[in-house]
Protein chains: 2
Amino acid sequence: MTLPPESGAAAPDGNGERPARPVPEATVSRLAVYLRVLGELREAGVETVSSEELAGASGVNSAKLRKDLSYLGSYGVRGVGYDVTSLQGRLQGELGMDHRQSVALVGVGNLGHALAGYTGFAGRGFPVSTLFDVDDDLVGSEINGIRVRHVREIPEVCAGGGVTIGMIATPGPAAQKVCDLLVAAGVQSILNFAPVLLTVPDDVEVRKVDLSVELQVLAFHVARRHTGAAAVTDKTNESVVS
Amino acid sequence: MTLPPESGAAAPDGNGERPARPVPEATVSRLAVYLRVLGELREAGVETVSSEELAGASGVNSAKLRKDLSYLGSYGVRGVGYDVTSLQGRLQGELGMDHRQSVALVGVGNLGHALAGYTGFAGRGFPVSTLFDVDDDLVGSEINGIRVRHVREIPEVCAGGGVTIGMIATPGPAAQKVCDLLVAAGVQSILNFAPVLLTVPDDVEVRKVDLSVELQVLAFHVARRHTGAAAVTDKTNESVVS
DNA sequence: CTTTGTGAACGGGTTCACAGCA
DNA sequence: TGCTGTGAACCCGTTCACAAAG
């Protein structure tokens, strides 16, 4: 179809594939799921998977999975399936796991403390490298081996430390101010847990996780079941965003 | 997929409005956002909002907001806007906030502990009424004033206590077992924080929050910016890249 | 044969633009 | 006049079904 990418492209790796670049946003989040499943399969000693198997383990149908992978080029073998290890490598590259990612977390309250201690992040290649808070009782202490710094240090620490992703877990009223600091420090990707709408420049990407919204969607379905109403238009199953 | 369509239910609803029932799933999550914003407006003493204002504060455009609200019937006044209080009431009803919602949280580890202590839930009408864990050191203790019970008590406590929503914040390997217990106890709505795909009967609704996936989507955009590639197909609100 | 990769059909959600009403 | 409510156009993602390839 439309091939906007400029010429040259300087073939990053020595691979002979032509990766039709424009990956749909919806596909990106699923790639992350496939990557996790591939890791489990590899762990289990599996060397090859069919689209049917990988799709099943990921909670999607096989057509969707194949379409998703097709955006990155051809990495399967017809009549056989996909090589677990090489596909894993391909996805890691596509999802930016070959760059070093460094995460800064702002707000070490209830939720922030849990996020700081969550080992799953480091395990997936997203080590939380720095913590920030405004509370002087917290500043200077360590959580999970990571020093808590004062929010005012965000500019120097983030800019100098190569922070690529910021997580905001502050109370709502503080979120925008913190966001501005992160943006000023050059952070262009932000995961926001505060229940407010952040205003950012166009070149900054914000994703929002709103747990109350998730609960309310579930409550809606509870109520609907109870009133015996007709089914809603179903399409998306799972995940969040905003 | 979804359920076998309509089953009678001859609309005994004494409401004067004709609420063209089938609310799109995408709309439901936005209704929750509008509801939060309406609460803030009311708090601030605002009595009327235009679609433009409410949309702006919610991070969507006004056409989408009006379309969303139109699924619930006409609740605005042409030339004026919406009455904050009455619209709030309408949304609360639609989102099941007039039923009493009772949330059970399973897994009081890192994340679970934070969720149990998060005051935002109760504030939004989702009081966490019960906590469960397998760890005998935790069972019997209290978090945020809520007693921690043993997982094996799920059946009786949930069935008897009218739990409508279950949250799973256990390690991955335990999630499916816990899920089965909740389902057996009659819970039909589950919010899953464990990084695994849950298998449930068709009449049970599962939503998944996968923080690692969120980070990986952000990492993808970081990587793409870095390689100067073309923009992805953007659809979801907020932020684009160039 | 088996399973991938993909054009084409389909469907749902967003946006547009204007009719309708206070 | 100003703003809501909504049909219709548009766009994007999902699904289908089959040709291509091992």
Side-chain angles (χ1 to χ4, degrees), chain A residues 1-4 16-20 22-31 34 47-56 58-84 86-87 90 230-239 241-242, chain B residues 1-2 17-31 33-34 47-56 58-84 86-87 90 231-238 240:
Chain A
M1 302 293 196
T2 25
L3 247 278
E17 287 299 338
R18 194 93 276 284
V23 183
E25 183 72 17
T27 292
V28 177
S29 26
R30 286 193 298 266
L31 292 181
Y34 305 151
E47 295 191 342
T48 302
V49 270
S50 67
S51 63
E52 198 69 53
E53 295 165 329
L54 182 50
S58 305
V60 303
N61 65 41
S62 63
K64 193 185 282 185
L65 175 123
R66 291 201 300 277
K67 177 73 87 178
D68 283 342
L69 295 184
S70 77
Y71 290 112
L72 331 176
S74 286
Y75 268 79
V77 180
R78 294 175 194 238
V80 178
Y82 301 87
D83 177 77
V84 172
S86 77
L87 183 56
R90 183 74 187 81
V232 295
T233 321
D234 198 344
K235 190 208 85 179
T236 341
N237 48 345
E238 309 220 353
S239 261
V241 200
S242 176
Chain B
M1 302 303 191
T2 359
E17 287 297 338
R18 194 89 277 283
R21 295 323 297 268
V23 183
E25 183 71 19
T27 292
V28 177
S29 24
R30 285 193 297 267
L31 292 181
V33 176
Y34 305 151
E47 295 191 342
T48 303
V49 270
S50 67
S51 63
E52 198 69 53
E53 295 165 331
L54 182 51
S58 305
V60 303
N61 65 42
S62 63
K64 193 184 285 186
L65 175 120
R66 290 199 302 276
K67 176 73 84 174
D68 284 341
L69 295 184
S70 77
Y71 291 112
L72 329 177
S74 286
Y75 269 80
V77 181
R78 298 178 192 235
V80 179
Y82 302 88
D83 178 77
V84 171
S86 77
L87 183 56
R90 184 72 188 82
V232 296
T233 321
D234 200 341
K235 187 210 82 180
T236 29
N237 55 340
E238 287 213 15
V240 202

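Just so you know, these numbers use all the heavy atoms, side chains as well, and skip hydrogens, waters and symmetry mates. Residue numbering restarts at 1 for every chain, and letters A, B, ... go by the order of the sequence lines.
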Within the sub-3.5 Å range, which N or O atoms of nucleotides 17-21 of chain D have a protein N or O partner, and how far apart are they?
residue : atom : partner : partner atom : Å
D:dA20  : N3   : A:R78   : NH1          : 2.7
D:dA21  : O4'  : A:R78   : NE           : 3.4

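- Qualifying side chain to side chain contact (heavy atoms under 4.5 Å, CB included) partners for B:S29, counting only residues two or more places apart in sequence or in other chains: A:V213, A:V217.
- Relative to the side chain of A:V77, the nucleotides D:dT15, C:dT15, D:dG22 differ in distance, and D:dG22 lies closest.
- Listed by chain and number, the residues in a side chain to side chain contact (heavy atoms under 4.5 Å, CB included) with B:S50 are B:E52, B:E53 (sequence neighbours excluded).
- Under the rule for a side chain to side chain donor-acceptor pair (under 3.5 Å), B:N61 has no partner lying at least two apart in sequence or in another chain.
- The side chain to side chain contact (heavy atoms under 4.5 Å, CB included) search around A:T48 returns A:V80, not counting sequence neighbours.
- Taking 4.0 angstrom as the limit, A:S50 places none of its side-chain polar atoms (N or O) nearer than this to OP1 or OP2 of C:dT3.
- Annotation: salt bridge (Lys or Arg N to Asp or Glu O under 4.0 Å) contacts of A:R66 (sequence neighbours excluded): none.
- Listed by chain and residue number, A:D68 satisfy the side chain to side chain donor-acceptor pair (under 3.5 Å) test with A:Y34 (two or more places apart in sequence, or in another chain).
- In plain terms, the two heavy atoms of A:Y82 and A:G76 that are nearest each other are CD2-CA, 3.4 Å.
- Rounded to 10 degrees, the angle between the two end axes of the helix from C:dC1-D:dG22 to C:dA22-D:dT1 is 10°, with five pairs used at each end.
- For the salt bridge (charged side-chain N to carboxylate O under 4.0 Å, His left out) condition, no pair includes a residue of residues 71-82 of chain A, sequence neighbours left out.
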